[in-house]
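These values consider heavy atoms only, across backbone and side chains, with no hydrogens, waters or symmetry-generated copies. In what follows, chains carry the letters A, B, and so on, assigned in the order in which the sequence lines appear, proteins first and then strands, with residues in each chain numbered from 1.
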Number of protein chains: 2
Amino acid sequence: MTHFHDPTTCQSCAQRFTSVFCKAKQEFITEINEQKICNIYKKGQTLFNEGSYPFGVYCINDGKVKLSHLGDDGKEQIIRLLRGGDVLGYRALLSGERYSASAIALEDTQVCFIPKELFISVLKNDTGLAFEMMKLLSDELHKAEVKLTHLAQKPIRERLAETLLFIKETYGFEADGVTLSVRLSREEIANLVGTATESTIRLLSEFKKDGMVELDGKKIKILRQKELIKTANLQD
Amino acid sequence: MTHFHDPTTCQSCAQRFTSVFCKAKQEFITEINEQKICNIYKKGQTLFNEGSYPFGVYCINDGKVKLSHLGDDGKEQIIRLLRGGDVLGYRALLSGERYSASAIALEDTQVCFIPKELFISVLKNDTGLAFEMMKLLSDELHKAEVKLTHLAQKPIRERLAETLLFIKETYGFEADGVTLSVRLSREEIANLVGTATESTIRLLSEFKKDGMVELDGKKIKILRQKELIKTANLQD
DNA sequence: TAACATGCATGATTTTTGTCATGTTTTTAA
DNA sequence: TTAAAAACATGACAAAAATCATGCATGTTA
């Protein structure tokens with residue numbers, strides 16, 4: 001069980017330099033601090049559900065969250081992985097629609113909720129923050145377009161390698177410097193890669209046989225990152 | 001050869017009610033009108049190239065444009081199809097990066113160019129327009145996420161059917177009410193679906209045999225839209 | 001702790017999709 | 001108008017990936 005600090009103020013929040021909100025003017029940060037609601041979600045709990053209406057945005061203080069989307073046949077597709085400092089729920093809110101994805105905690109996670117009206121009013125009165133939001137949306141759009149291209153053009157072996165690198169970029173390693181600091185099921189990895197669970201299991205075994213990773217249940221160690229990058233066949 | 005009207009003012013532009021810019025305040029529209037540069041691109045010509053720096057945004061007055069992205073192996077992936085009233089080039093500009101995709105005219109197309117500085121300054125001073133941009137970005141992000149899920153989960157047959165419906169939604173029919181009013185090569189359709197050209201050709205032939213479409217070179221007629229929707233296996 | 005459920009792993013098989021080869025048609029340009 | 005190139009079409013084959021089946025391991029709960 002993870003332990004969190006007592007609810008903090010936005011001014012002293014661990015994420016005050018990493019979140020988009022850090023770009024807001026001081027007066028608005030004060031207001032957000034007064035109106036925010038802090039909550040802890042246990043592993044597996046849902047922050048919000050695909051299909052329901054947004055009442056505000058969520059800012060992750062500490063923890064890990066997956067954002068996933070149900071395909072037309074009811075299969076989960078993981079769209080994004082989120083960590084401390086990340087904001088979520090803004091897309092549906094800005095385009096005035098229901099949530100198009102569900103947010104589920106991957107481990108115990110502390111989250112601040114900022115009500116819709118406040119978020120919109122701050123955005124209206126703080127051009128800097130509005131620009132940051134546009135930048136954030138643009139970056140997400142870019143990532144989505146790249147992922148889309150890879151899904152269309154790359155074989156699963158390359159996409160799995162890429163996904164492992166992506167997980168590492170997002171959540172980093174544990175203290176040992178090699179173990180990915182998140183526990184995902186094989187099915188979740190498959191839903192991130194966009195393939196069948198069995199294919200993921202098989203390829204992970206191959207990666208292990210090739211000495212690129214080490215597997216111990218849900219613990220995954222990246223032994224040879226360079227080879228993994230090569231396997232992912234990435235440009236840049 | 002398509003014929004266009006003489007360069008018009010933004011105030012009398014055919015797209016003045018459909019583009020995002022119609023939400024801008026009157027004073028800014030005047031300014032945009034003064035600084036915009038109108039241009040005609042012939043079929044196949046490039047508006048901008050992946051990898052180069054943006055100097056402004058483009059607003060399509062009349063015509064059709066594809067936005068495409070090169071995969072790591074150099075294969076084209078068509079990200080978006082654009083028509084009159086659509087704006088493009090804003091993503092790279094807002095996130096301060098190079099273009100991540102190329103824009104190429106699918107037919108003779110009239111385009112207005114709005115310089116970067118003007119676009120940014122209007123955005124800074126017109127909250128309404130900024131919100132429209134956020135909404136636009138949110139909508140694009142949503143579409144990208146849905147497409148991503150379909151690429152990951154749906155077989156090519158379903159994706160091709162969906163793509164034909166998407167082309168119809170975007171560009172509509174010719175006067176006869178059945179012929180798609182855009183001419184795309186089989187390869188372009190394949191690059192939209194995310195598959196090999198041969199697979200696209202084969203499946204189009206099947207669709208024809210099933211009586212869903214009629215093929216006459218690049219002319220595609222949608223004969224049984226309901227069946228096509230069923231084939232696409234869409235939710236909603 | 002036993003019984004059950006769930007997740008992981010692997011083999012066998014089928015289906016889907018891509019690739020290669022070849023011929024035809026259509027476009028383009030000389 | 002003709003020659004060349006590009007696009008379209010189709011068959012044969014190979015490769016990739018999904019599905020089905022089964023067994024083992026792990027974890028959960030009565």
Colleague: If the sugar-phosphate is the primed atoms plus P, OP1 and OP2 and the base is the rest, what is the B/S/- string for nucleotides 18-30 of chain C, using protein heavy atoms under 4.0 Å?
Modeller: SBB----------

Colleague: Round to a whole Å and report the spacing from CZ of B:Arg157 to C1' of C:dT16.
Modeller: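 The distance from CZ of B:Arg157 to C1' of C:dT16 comes to 13 Å, rounded to the nearest Å.
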
Colleague: Could I get a table of every N or O pair under 3.5 Å where one atom is in the protein and the other is in nucleotides 27-30 of chain D?
Modeller:
none

Colleague: According to side chain to side chain donor-acceptor pair (under 3.5 Å), who are the partners of B:Ser102, at least two apart in sequence or on a separate chain?
Modeller: B:Asn49

Colleague: Could you give the NZ-to-C1' distance, from A:Lys219 to D:dT26, as a whole number of Å?
Modeller: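 Value for this atom pair: 14 Å.
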
Colleague: Expressed in angstrom and rounded to an integer, what is the separation of A:Leu215 atom CG from D:dA25 atom C1'?
Modeller: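 Nearest whole value for this atom pair: 15 Å.
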
Colleague: Can you tell me if B:Thr179 uses its side chain to pair, donor with acceptor, with the backbone of B:Ile220 under 3.5 Å?
Modeller: no

Colleague: Output yes when B:Lys66 and B:Glu188 qualify as a salt bridge under the 4.0 Å nitrogen-oxygen rule, no when they do not.
Modeller: yes

Colleague: Would you mind reading off the bend of the helix from C:dT1-D:dA30 to C:dA30-D:dT1 from its two end axes, five pairs each, to 10 degrees?
Modeller: 50°

Colleague: Verify, without hydrogens or angle tests, whether B:Ser205 (side chain) and B:Ile201 (backbone) share a donor-acceptor contact under 3.5 angstrom.
Modeller: yes

Colleague: For A:Lys75, is the NZ atom crowded, meaning more than 12 foreign heavy atoms sit under 6.0 Å from it?
Modeller: yes

Colleague: CG of A:Asp73 versus C1' of D:dT19: gap in Å, rounded?
Modeller: 15 Å

Colleague: Taking atom P of D:dA16 as reference, at what distance in whole Å does atom CD of A:Gln153 sit?
Modeller: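 After rounding, the reported distance stands at 17 Å.
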
Colleague: side-chain contact (heavy atoms from CB on, under 4.5 Å) with B:Asp72: which residues, sequence neighbours excluded?
Modeller: A:His150, A:Lys154, A:Leu234, A:Gln235

Colleague: Calculate the interatomic distance between A:Ile201 atom CD1 and D:dA21 atom P; express it in whole Å.
Modeller: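 Whole-Å distance recorded here is 17 Å.
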
Colleague: Starting at CD of B:Glu227, measure out to CZ of B:Phe207 and round the result to the nearest 0.5 Å.
Modeller: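 It comes to 10.5 Å.
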
Colleague: State which residues pass salt bridge (charged side-chain N to carboxylate O under 4.0 Å, His left out) with B:Glu206; sequence neighbours excluded, sorted by chain then number.
Modeller: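 B:Arg157.
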
Colleague: Tell me whether A:Lys43 is salt-bridged to A:Glu107, with the criterion being a basic N under 4.0 Å from an acidic carboxylate O.
Modeller: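 Salt bridge between A:Lys43 and A:Glu107, a charged N being under 4.0 Å from a carboxylate O: no.
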
Colleague: May I have the distance from A:Ile220 (atom CD1) to C:dG7 (atom P), rounded to whole angstrom?
Modeller: 16 Å

Colleague: On DNA chain C, check which nucleotide each of A:Leu204 and B:Leu203 is closest to and give me the residue with the more 5' one.
Modeller: A:Leu204

Colleague: Do the side chain of A:Arg159 and the main chain of A:Gly194 share a donor and acceptor less than 3.5 angstrom apart?
Modeller: yes

Colleague: Does a side-chain N or O of B:Ser185 approach OP1 or OP2 of D:dA6 to a distance below 4.0 Å, or not?
Modeller: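 The answer is no; no side-chain N or O of B:Ser185 sits under 4.0 Å from OP1 or OP2.
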
Colleague: Ring centres of A:Tyr99 and A:Tyr53 under 6.0 Å apart?
Modeller: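 Distance test on ring centres: not under 6.0 Å, no.
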
Colleague: Looking at B:Thr197, I'd like to know whether one of its side-chain N or O atoms comes within less than 4.0 Å of OP1 or OP2 on D:dC8.
Modeller: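 No, because none of the side-chain N or O atoms of B:Thr197 sits under 4.0 Å from OP1 or OP2 of D:dC8.
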
Colleague: Please report, rounded to the nearest Å, how far the P atom of C:dA9 is from the CD atom of A:Glu206.
Modeller: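 Nearest whole value for this atom pair: 13 Å.
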
